[in-house]
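Below you'll find the structure, written out as structure tokens, and then a few comments.
Just follow the structure's listing: the first ligand is 1, and inside any ligand the first atom is 1.
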Amino acid sequence: MEALAAPSATAENLAAVDPEVAAIIRAENKRQHNKIRLIPSENYASRAVLEATGSILTNKYSEGYAGKRYYEGQQEIDKIESLCVERVKAVFGAEHVNVQPYSGSPANQAVYVALCEPGDSVMGLSLAHGGHLTHGAAVSISGLHYQAVQYGVRKEDGLIDFDQVEALAAAHRPKLLFCGGTAYPRVVDFARFAEIGHAVGAIVVADIAHISGLVAAGVHPSPVPYVDVVTSTTHKSLRGPRGGMIMCKARYADAIDKAVFPGLQGGPHNGTTAAIAVALQEAQSEEFKAYAQQVVDNARILGEALSARGFALSSGGTDNHLILIDMTDRGITGYQMAKSLDAAGIVCNFNSVPFDSRPARKPSGIRIGTPAITSRGFGSDEMKQLAEWMDRVATARADETLEKDDRVEINAEVRAEVRALCDRFPAPGLLYDGDGQPL
Ligand SMILES: *Cc1c(COP(=O)(O)O)cnc(C)c1O
């Protein structure tokens, strides 16, 4: 009997099966090469991480946890998840680890579901002052279903206002006290948060989504010794696949695991789990430690170069991978600066600055960061060049004597220079042809 011909989807690659999607991915591959990517939550995952993410592990259902699954056939999946959990424990020193949350926001949601009831008081850094949506913002489920109390930073220096944190904690006695943020450029004093939270009986949660790569490498203090629960994404400075994880003290292990599954999720994304394991393997290397140190050094050098050129840095500088800039003194909004920079081949996001007088859709600030550009090998020379380009773009945008065409011309000039620099720094994970051009 003749064998059946294999269906085309098993024999052909993406370009043959779906040229439309393949073309979009190739264009994005080019964009990620050609532009300077300054969004501080983004990075370039390695080929190894991408390979694990896109592997046949995507085919498997595995509701439950290693050794306690609801489907058969878990011989290999249990090994992957256990390996991943062991590596997270080894790198961060956590007592218990759950690597199943689909991303950072679901990880935080699981903490609420595990450790408090709807209507309970919870506390976090306000969105407007650099907190994350999931730390109690009014538009998020964390603000809708819980009694969210929000603290902020001090107007004079942009640092967390611990007097306010302490006063609010005493007044509201929150069930959960979140620390960490998404646009906070300084070291987070986890010990101080733990002390304040524990004094009022709160469970203290550190969200290290942005800085987990820095923590893994020891260039930012770890919250693990101090707080009860740590949540993180895996795709930001940690340079893994898009995913989330939760670390906690052993006494919260059951509640956290039950909240993730069956509380919120069904089957874990096993390709992601494998890729997190790969990222953690990479994070234990000397190379990664040097990388994380360079991320912080680059941010400092870039911040100093920008300050010297008259950019106003929120909190006056940075201790980590990110910089928040108030564009008001340069005569433009953050929204205008972000749009102009993108036209010049430099990608960042517009962002509110603390005490911003402008609306969140068109705020005063931009937020930039160094994880992605450091992954492609940028160092101090490139940081100084970057500050010069940003200065040129801001100056042109603010100059009312310039015709629109002149501005377009200046942005195009910068874009060409950016492109030339990018060609000298191929990025991890992207696809290139034999001449070093992005495919
Ligand atoms: C990015 C981020 C998250 C959310 O992660 P997603 O993967 O986008 O859901 C949560 N907390 C903080 C502090 C973040 O920066």
TODO: Working to the nearest 0.5 Å, report the span between CZ of R242 and NZ of K236.
DONE: 8.0 Å
Task: From CD (Q265) to CD (E63), nearest 0.5 Å - done: 10.5 Å
Task: Within-4.5 Å side-chain heavy-atom neighbours: C422 and I36 - done: yes
Open item on the list: Looking only at side-chain N and O atoms, does H135 offer a donor or acceptor that is under 3.5 Å from a partner on S142?
Closed with: no
TODO: Could you pull out every protein residue that has a heavy atom closer than 4.0 Å to ligand 1, ordered by chain and then number?
DONE: S103, G104, S105, N108, H132, G181, T182, D207, A209, H210, T233, H235, K236
Task: Pairs satisfying salt bridge (charged side-chain N to carboxylate O under 4.0 Å, His left out), at least one member in residues 100-122, at least two apart - done: D120-K175
Task: Close side-chain approach of F378 to L421, heavy-atom, < 4.5 Å - done: yes
